[in-house]
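Have a look at the structure below before the remarks.
Residue numbers run from 1 in the order of the sequence given. Note that the structure is predicted; figures quoted are calculated from it, not measured. Atoms within a ligand are numbered from 1 in the order they appear, just like the ligands themselves.
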Amino acid sequence: MTTIRTRFAPSPTGFLHVGGIRTALFAYLVARQAGGQFILRLEDTDKSREVAGSAEHLVESLNTLGLSYDEGPDIGGDYGPYRQSDRLDTYHRWAQKLIDAGRAYADPYAPAEVQEFREAAAAAKKPFLYRNHRPENPPVWDGSTPLRFKADPQQYQWHDVVMGDLKTGPEVIDDFILIKTDGYPTYNFAHIVDDAEMKITHVIRGQEFLSSMPNYLNLYEALGLELPIFATMPHIMNEQGNKKLGKRDGAKDVLDYIRDGYLPEALVSFIATLGWNDGTTKEVFTHDELVETFDLHRVGRSGARFDEKRLLWVNGHFIRELPLDELMRRAEPFWPSNAHTVDVAYKQQVLSIAQERLKTLNDLPALTSYFFDEPTRDDTLITENKQLKKLTESEVTTLINAAHDALATLDDWQPGTIQDALNQLLESTGRKPGILFSLIRIYTTWAPFSPQLNDTLALLGKDKTLQRLRS
Ligand code: GLU
């Protein structure tokens, strides 16, 4: 039986965004599920597009999300090197095979000549094809000109696990560059050589490569290579579903999401369900559930929508699922600055009542800072609240006084007894919770939201609660 080997092959040209992570995740899942290997290969053959630091950033992103690879540039493996710029000899060796077989030639044309060919084709209303201009007696290739593949145009039919059965005619096939004048191979050439040498069984990649498939199939044939399984991932669309996800719609660096208080496991679950489901309505998956149930055949052909509100919901779900001590560990960098002045047990209590309401760890300061600091009065919480803004000043004073006096009589300052007192207060004042409880919450916290009122007051303590109501 062949071992399943998948790869993630990013170019170090910037940060890793959601689309890239999805490709990596699906390749990872296919390998893990089959007990195979997941390989990281750095495709750094376009020196002009390289961004300093992005290779390290890619590695950090994969590690942060727990997408561990079995072979890669920083850890090695049996089929290395895993950085294309370290594999130039390999590409030249394979290129020589094509030259020897008469399937590659030195491209003799200067850009101006190619431009003339293009214009002539346009004037004749014909598509421009390099293969219509093959030199009769090409010079021996010495690296000073590009090395171009001599295609053998034909019809192709192939199967893509996601896109289904596909078919193209010979007209879409053309001669393309294998090796550039800087000595580096093109992606089109290098990835096929590498996938073969690294014994990759599944090529899982983005939709932008689909139109080049006929050319790739032609090259596989010329190189005498067996075809891997192909699975093409559709684009991820913006929330409206009308265009490809761009930076403005949230195609941001995955590490930014982590910095913004998202949990890696929430991102993984959310990204897995961009275009994939398990056949039920289940929306959140743990790592192990994904490994067990993921199936490339269930990836949709049309673009999945990136809905940031759903991500927020998924993140809240994973936060609520965390055991408290684990949440404590994860929340550490997110506390409001004064939280370090209190003891750990108190922080843990704050977290235990806030947990239910946290959508991201970044909500922690807004949700809890009044436990550690005297809050600053913010009247907009009242003037911008639909119900509260209708109250007169004396109505507010009366209600707050009533709350103060009722709570002041409590000897036992516990969530249960506080709740009883609050309920009695509802009856005696004849107000709705939306008014009475909101007012008490605002006057004791001056925060836009907080954990449940009785829990909040219990933890704030009787003295602080009464003192804030008084002031
Ligand atoms: N280097 C290509 C990219 O970053 C990888 C495509 C592939 O997976 O084959 O888009």
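- Heavy-atom contacts from other residues, nucleotides or ligands closer than 6.0 Å to CZ of Arg93 number more than 12.
- At least one N or O atom of Ala9 sits closer than 3.5 Å to an N or O atom of ligand 1.
- Ligand 1 lies less than 4.0 angstrom from a heavy atom belonging to Arg7.
- For Asp182 and Lys47, the salt-bridge test fails: no basic side-chain N is under 4.0 Å from an acidic carboxylate O.
- Heavy-atom proximity to Ser11, at under 4.0 Å, picks out these atoms of ligand 1: 1 (N), 2 (C), 3 (C), 4 (O).
- Salt-bridge check for Arg41 with Glu197: failed, with every basic side-chain N at 4.0 Å or more from each acidic carboxylate O.
- Tyr257 carries Lys252 over the face of its six-membered ring, with the cationic atom under 6.0 Å from the centre and within 45° of the normal.
- Looking at Pro10 against ligand 1, only its backbone comes within 4.0 Å, counting heavy atoms.
- With hydrogens left out, the protein atom closest to atom 10 (O) of ligand 1 is Phe209 CZ, 3.3 Å, a heavy atom.
- Protein heavy atom nearest atom 6 (C) of ligand 1, with residue, atom name and distance: Tyr187 OH, 3.2 Å.
- Taking every heavy atom of Arg205 and a limit of under 4.0 angstrom, the matching atoms of ligand 1 come to 7 (C), 8 (O), 9 (O).
- Using a 4.0 Å cut-off between charged side-chain N and carboxylate O, Asp256 and Arg259 make a salt bridge.
- Taking the ring axis of Tyr130 as reference, the NZ or CZ atom of Arg148 stays within 45° of it and closer than 6.0 Å to the ring centre.
- Considering only non-hydrogen protein atoms, atom 1 (N) of ligand 1 sits nearest to Glu43 OE1, 2.6 Å.
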